[in-house]
K.L.:
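Got a structure here, written out as structure tokens. Questions coming.
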Amino acid sequence: MASHLTSTLKRLRLRDKLAMIFKLFSILGSAWRYFDNYLVTPVAKPAFILGLFYAIINWKVLPFAWHLRVFNGYYLHYLPNAHRPPLPPATASTKSTTGMTQNSHNNIINKKLTIFLPTLYKTSVPPGEIDFSFHKSNSTYLTDLDIARGYHLYTVLRRGFYLWPRRTGSTSSPQRAQGQNVVTMLGGTTCTFKREIKPLAKVEIWTRILSWDEKWIYLVSWFAKPGAGGTTGTRAGTKEGTKQKSGEINPDVYATCVSKVVLKEGRKTVKPEEFFRLCGLMGNPEEDKGDWDWGEINKAIEERRVEGMKLAGHVASLDEGHGLFGGYGAEGEGVLGVY
């Protein structure tokens, strides 16, 4: 629907577009005159204008704004692109291995694997997100993270979401008929804050897949200043060619978050690797033929996955905290107060 509307608008002549804009402003003007003459008293008018201004600059924190942002990602980003061809598992430069040593080939693949590439979500900090310290409230990071994480999954896994209910066979269930849609469910999020974000500041949220195991997919997200990620591997604010050292904390990063999500088909858990193969991000070297060396790509992916589990494993271990809850009473440790 969105893509059809866009293509229709592009075909309109300039005169028709100007007429549509003029008509829209005429409708808005008529509505305002009716509102001004019949619905708002002279005393209430300034309060209404201030309230409207406040609502506009704080639209992110209005009731149901979070839902609209989620729907925007699904209906305007995922649905128009769901049927399109799958993303390539790696960039075109990894297809040819002529003149390369084994190590150099693996190094190139490690840097260009699609499954580990990030997406970028841009937002800002309205006054309604400010806490008593006059910076972005820590609690609001998670709502922005929901949206950024959704856009990333809609992008990198869109082919799997589209094909899963339409497939007629799989490795685990060769005779499977059309099934249910696969949805993602959040299992946990941890966020480490490094620097404050000032009011009205623009923010970039970089998100990518960190690792996965038999059940969970782990994603890492960074809240950063605009341009902090760069386009050539250089740090924002430095001279061209000055690269950040490995392991050094980028001063333009505000916070780092790690989330874990699970893929569900009804009550059944879908294994991440099986879903990635359906997305075309991984392959079976014995069955899948084509331009890609799936043996090399899968090997490079596994190396990155194992490396990412060094961090993701710490997030997985947080489940042990559930067993530390003792409550209070006869068997508990007591409680200082109830509020």
Side-chain angles (χ1 to χ4, degrees), residues 66 70 113 115-116 118-119 121 131 136-153 156-157 160 172 182-197 205-224 246-250 253-277 279 281-282 298 301-339:
W66 179 90
V70 172
L113 292 169
I115 196 171
F116 294 111
T119 55
Y121 178 75
D131 62 13
K136 182 177 174 66
S137 174
N138 294 345
S139 62
T140 63
Y141 282 75
L142 299 186
T143 55
D144 283 335
L145 190 61
D146 285 339
I147 310 304
R149 188 171 51 238
Y151 272 102
H152 182 76
L153 294 174
V156 72
L157 303 182
S172 60
V182 169
V183 298
T184 59
M185 295 186 178
L186 182 65
T189 300
T190 178
C191 193
T192 301
F193 306 103
K194 190 65 179 177
R195 289 173 176 82
E196 65 178 9
I197 305 180
I205 306 177
W206 295 73
T207 302
R208 73 169 178 86
I209 291 178
L210 175 65
S211 187
W212 61 89
D213 53 27
E214 288 294 307
K215 179 180 180 180
W216 300 103
I217 300 175
Y218 300 92
L219 299 102
V220 59
S221 302
W222 295 273
F223 287 75
S246 178
E248 181 183 352
I249 298 177
N250 192 323
V253 173
Y254 297 119
T256 301
C257 307
V258 179
S259 309
K260 64 176 185 179
V261 299
V262 63
L263 299 168
K264 285 287 187 178
E265 182 190 20
R267 298 182 62 87
K268 174 189 173 184
T269 298
V270 178
K271 292 185 177 181
E273 188 167 315
E274 180 183 357
F275 199 75
F276 294 156
R277 293 183 189 278
C279 295
L281 301 173
M282 299 179 66
N298 289 347
I301 288 176
E302 179 62 14
E303 291 176 357
R304 290 284 299 272
R305 186 195 72 82
V306 172
E307 182 68 22
M309 278 302 298
K310 294 178 181 179
L311 174 59
H314 294 293
V315 177
S317 66
L318 294 177
D319 287 342
E320 300 175 5
H322 295 304
L324 300 179
F325 177 73
Y328 66 95
E331 302 297 330
E333 298 179 353
V335 62
L336 290 177
V338 180
Y339 305 99

K.L.:
Does the separation of the ring centres of Tyr121 and Trp206 fall below 6.0 angstrom?
P.N.:
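Distance test on ring centres: not under 6.0 Å, no.
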K.L.:
Answer with yes or no whether the side chains of Lys264 and Thr269 bring together a donor and an acceptor at under 3.5 Å.
P.N.:
yes
K.L.:
For the OG1 atom of Thr184 and the CG atom of Leu157, what is their distance to the nearest 0.5 Å?
P.N.:
8.5 Å
K.L.:
Just list the side-chain donor-acceptor pairs under 3.5 Å for residues 310-317, sequence neighbours left out, or say none.
P.N.:
unit_1 : atom_1 : unit_2 : atom_2 : d
Lys310 : NZ     : Glu307 : OE1    : 3.2
His314 : NE2    : Lys310 : O      : 3.3
Ser317 : OG     : His314 : O      : 2.6

K.L.:
So, Tyr218 versus Asp213: side-chain donor-acceptor pair below 3.5 Å or not?
P.N.:
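Yes, a side-chain donor-acceptor pair sits under 3.5 Å.
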K.L.:
Between Val253 and Lys194, is there a side-chain heavy-atom distance shorter than 4.5 Å?
P.N.:
no
K.L.:
In Å, rounded to the nearest 0.5 Å, how long is the span from CG of Asp146 to OG of Ser259?
P.N.:
8.0 Å
K.L.:
What distance do Glu274 atom CD and Glu214 atom CD have between them, rounded to the nearest 0.5 Å?
P.N.:
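If I round to the nearest 0.5 Å, the distance is 10.5 Å.
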K.L.:
State whether Asp319 and Lys260 are salt-bridged, where the test is any N-O pair (Lys NZ or Arg NE/NH1/NH2 against Asp/Glu carboxylate O) under 4.0 Å.
P.N.:
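Salt bridge flag = yes for Lys260 with Asp319.
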K.L.:
For this output row, return yes or no: ring centroids of Phe193 and Phe223 closer than 6.0 angstrom.
P.N.:
no
K.L.:
Any chance you could measure Asn298, atom CG, to Glu273, atom CD, to the nearest 0.5 Å?
P.N.:
7.5 Å
K.L.:
By ring pair (Phe, Tyr, Trp, His ring centres under 6.0 Å), which residues pair with Tyr254, not counting sequence neighbours?
P.N.:
none
K.L.:
Would you kindly check if the NZ (Lys) or CZ (Arg) of Arg208 is within the cone defined by 45 degrees around the ring axis of Phe116 and under 6.0 Å from the six-membered ring centre?
P.N.:
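No cation-pi geometry.
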K.L.:
Of the non-hydrogen atoms in Arg195 and Asn250, which two are nearest, and what is the gap between them?
P.N.:
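So the minimum-distance heavy-atom pair works out to NH1-O, 4.0 Å.
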K.L.:
Considering the options Leu219, Val220, Ile217, which one meets the side chain to side chain contact (heavy atoms under 4.5 Å, CB included) requirement together with Leu210?
P.N.:
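Output: one option passes, namely Val220.
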K.L.:
Are any of the side-chain heavy atoms of Lys136 and Asp144 separated by less than 4.5 Å?
P.N.:
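Contact flag for Lys136/Asp144 side chains = yes.
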K.L.:
Distance check, rounded to the nearest 0.5 Å: Thr189 atom OG1 versus Tyr141 atom OH?
P.N.:
15.0 Å
K.L.:
Ignoring hydrogens and geometry, is there a side-chain-to-backbone donor-acceptor pair from Ser221 to Thr207 under 3.5 Å?
P.N.:
no
K.L.:
Run the side chain to side chain contact (heavy atoms under 4.5 Å, CB included) check on Ile209 and Phe276 step by step: do they pass?
P.N.:
CA-CA 12 Å; Ile209 291 178; Phe276 294 156; 4.2 Å; yes
K.L.:
Please test Ile301 against Met282 for side chain to side chain contact (heavy atoms under 4.5 Å, CB included), starting from the C-alpha separation and ending with a verdict.
P.N.:
CA-CA 8 Å; Ile301 288 176; Met282 299 179 66; 3.7 Å; yes
K.L.:
Quick one, Ile205 with Trp222, criterion side chain to side chain contact (heavy atoms under 4.5 Å, CB included). Give me CA distance, side-chain angles, the key distance, then yes/no.
P.N.:
CA-CA 5 Å; Ile205 306 177; Trp222 295 273; over 6 Å; no
K.L.:
Using side chain to side chain contact (heavy atoms under 4.5 Å, CB included), reason through Val262 and Met185 one step at a time and then give a plain yes or no.
P.N.:
CA-CA 5 Å; Val262 63; Met185 295 186 178; 3.9 Å; yes
K.L.:
What is the distance from atom CZ of Arg305 to atom OG of Ser211, rounded to the nearest 0.5 Å?
P.N.:
5.0 Å
